[in-house]
Protein chains: 2
Amino acid sequence: MYGSIVPPSASARTDTRLSSLPDAASPVLCAPLRREELRDLVRTQRALVRARGQAVVREGDRADRFFVLNSGAVALQRSLPDGRRQVLDFLWRGDVIGVGDGERFGYDALTLADTALCTVSRPDLERLTEDYPELATRLARIGSERLTHAFDRMTLLGRLSAEEKLASFLLELSERQGRCSGRSNPVWVPMSATDIADYLGLRVETVSRRTSAFQKKGLIRRVESHRIALLDPAALREVAEGGEGDED
Amino acid sequence: MYGSIVPPSASARTDTRLSSLPDAASPVLCAPLRREELRDLVRTQRALVRARGQAVVREGDRADRFFVLNSGAVALQRSLPDGRRQVLDFLWRGDVIGVGDGERFGYDALTLADTALCTVSRPDLERLTEDYPELATRLARIGSERLTHAFDRMTLLGRLSAEEKLASFLLELSERQGRCSGRSNPVWVPMSATDIADYLGLRVETVSRRTSAFQKKGLIRRVESHRIALLDPAALREVAEGGEGDED
DNA sequence: CGGCGGATTGAGCCAAATCAAGACTGGTGG
DNA sequence: CCACCAGTCTTGATTTGGCTCAATCCGCCG
């Protein structure tokens, strides 16, 4: 969107050595796994790093592995034969690829920035859930949250205006980054305007125009490369909920 | 849409006596449960019937029960404060409400026609999954299918034209009814045009216009009350996939 | 410094929304 | 049995939000 892709604070350290994982509390702050579970995981997991724009999984791949994001960002997406694209979700540190999926992945997963993840085979995870029943519960919760989020997204895509969509998107980014990394206000926006458009069911130009309009109204401010400050989250919330949009 | 709501073949027989359930193969043809599982279920399940337009669950209700549809049809939906509505899914005989949900339901479930369902409490179902581990697998599969379907729907809502949406909808109805009741061609359309519009992210008038256009092109024909014959499913498929739409 | 890909901005257009009548349907009561 | 009523569907006229097309502009990188 504006500037080069630089992770918010984690710097370029990719942090892929698995041995460092269980001790480091931070990289898995909102991951679904706990220390003792991770300790067992380490035996079977593999770490991997993907540069920006690489595929982690492809639609149709056998879903025989799970992935947990340590850093970076990933987009889940579907592509139509004629090139149209729908971004299904953006994934952040601690998010998981493969939970709640069936036999095969139903989407491509592409990195939006340099990304470090670790991966566990499905049989290994199944074995783990037997040793740690609470883990199964946690995974089920993740699945249900994904579904609830999918319902949110359908409502957004089907019924919100461009302005409402963009406001919702910014607030979602903020909320989600607050949960995962603690810093929710100058929001990290690693994805391109095209990615955002494909997430919201809009075109790039519309995203650009609405972003400019928000900035002109003083609701947001572009602070640096790929970062946006929410100057008036309350007003943004108002816009997102369908408030007239004429009160400035 | 046109005419009164009459279930496709099942007539008005509501079939709610639970004692009849385990023996009758037909009402649960595509249900996730098997005979022996159902036999145990019968001890704890309750049957209920809802007239057209009734709520089965409300958004925010504690998700402490599961529901299985025996007959009829249900819409899952979200409502925005200003009255806008998004239909998340239509449910048919054999479909389940509550699988993959978290602590609380994230949607209203309303009947589109007179509907018979049975319900099991969550603890009872959990007990059952211990006795029949395969049932847990089946429920997981249902959950993953719901998620995949949610991804389909996002793509439809975000990226398809009105014409493509409607064609996809008709084919989905046909496919789903084929799986559940065996009869896939004259499709049963129990929901109102408004419901369809809210499912596809369109307005009623647009649904009506596009339906008329399909009929004029000879792709479909309204055969009777709430039933539509797909005269040329291949052409409909072509339209749904983004075929130009000018070949008639 | 110059070129390239993505972002922005402008002008005009078009698909779907909106507004506004009617027509049909099913249900009700006389 | 029919007339009427309410709700839904259909069709037409018009508006409009977001798309398309087309220049730039800007930041990044070689």
Side-chain angles (χ1 to χ4, degrees), chain A residues 1-6 51-53 82-85 112-113 156-167 169 189-216 220 222-228 239 242 244-246, chain B residues 1-6 12 51-53 82-86 112-114 156-167 189-216 220 222-228 239 242 244-246:
Chain A
M1 210 163 183
Y2 3 107
S4 64
I5 300 267
V6 182
R52 180 186 180 199
D82 61 0
R84 280 177 289 181
R85 191 173 78 121
L112 299 167
L156 176 144
L157 289 167
R159 285 298 176 224
L160 298 199
S161 69
E163 186 177 44
E164 292 165 343
K165 285 175 175 179
L166 189 63
F169 169 69
V189 189
M191 66 288 284
S192 70
T194 304
D195 293 328
I196 298 172
D198 286 339
Y199 183 63
L200 300 177
L202 300 170
R203 316 253 77 195
V204 198
E205 297 93 328
T206 303
V207 169
S208 180
R209 274 186 247 277
R210 294 290 160 180
T211 306
S212 301
F214 281 167
Q215 179 148 8
K216 205 165 295 171
I220 63 173
R222 295 154 182 169
V223 287
E224 42 170 297
S225 283
H226 286 272
R227 285 166 85 61
I228 293 179
V239 171
E244 304 313 302
D246 290 327
Chain B
M1 213 164 179
Y2 1 106
S4 64
I5 300 266
V6 182
R52 181 187 179 196
D82 62 1
R84 281 177 290 180
R85 191 173 77 121
Q86 178 65 46
L112 299 168
D114 296 345
L156 175 143
L157 289 167
R159 284 300 176 222
L160 299 198
S161 69
E163 186 178 43
E164 292 165 342
K165 286 175 175 179
L166 190 63
V189 189
M191 66 288 283
S192 71
T194 304
D195 293 328
I196 297 172
D198 286 341
Y199 183 64
L200 299 177
L202 300 171
R203 316 252 75 196
V204 198
E205 297 92 327
T206 303
V207 169
S208 179
R209 275 187 246 277
R210 292 290 158 182
T211 307
S212 299
F214 280 168
Q215 180 150 8
K216 206 165 294 171
I220 62 173
R222 295 155 180 166
V223 289
E224 42 170 296
S225 283
H226 286 273
R227 286 167 85 60
I228 293 178
V239 172
E244 303 313 302
D246 290 326

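Not measured: the values here are computed from a predicted model. What's counted below: heavy atoms across the whole structure, side chains too, no hydrogens, waters or symmetry copies. Here is how names work: the chains are called A, B, and so on, in the same order as the sequence lines, proteins then strands, and each is numbered from 1.
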Going 5' to 3' through nucleotides 14-23 of chain C and flagging B where a protein heavy-atom sits under 4.0 Å of the base, S where only the sugar-phosphate is that close, and - otherwise, we get --SSBB----
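Partners of B:Arg210 under the salt bridge (charged side-chain N to carboxylate O under 4.0 Å, His left out) rule, at least two apart in sequence or in another chain, do not exist in this structure.
Phosphate contact (OP1/OP2 of C:dG6, side-chain N/O of A:Ser208, threshold under 4.0 Å): absent. Side-chain N/O atoms of B:Ser212 include one lying less than 4.0 angstrom from OP1 or OP2 on D:dT11.
Here the P atom of nucleotide D:dG7 and the CG atom of B:Asp195 are 16 Å apart, to the nearest Å. Distance, B:Phe214 CZ to D:dT10 P: 14 Å, rounded to whole Å. Taking atom CE of A:Met191 as the reference point, atom P of C:dA7 lies 12 Å away to the nearest angstrom. We find that CD of A:Gln215 is positioned 14 Å from C1' of C:dT9, with the value rounded to whole Å.
Between A:Arg84 and B:Glu164, at least one side-chain N (NZ, or NE/NH1/NH2) sits under 4.0 Å from a carboxylate O, which counts as a salt bridge.
Taking the side chain of A:Thr194 as heavy atoms from C-beta on, and the options D:dC9, D:dC28, C:dA7, the nearest nucleotide is C:dA7.
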Counting Watson-Crick and G-U wobble pairs with both distances under 3.5 Å, what is the dot-bracket string for DNA chain D, 5' to 3', using [ ] for crossing pairs and | for pairs to another strand? ||||||||||||||||||||||||||||||
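Shown here for B:Leu200 and B:Lys165, the closest heavy-atom pair between the two residues is O-NZ, 2.9 Å. Closest non-hydrogen pair, B:Ile196 versus B:Val189, comes out as CD1-CG1, 4.0 Å.
Distance alone, capped at 3.5 Å, places no donor-acceptor pair between the A:Asp198 side chain and the A:Asp195 backbone.
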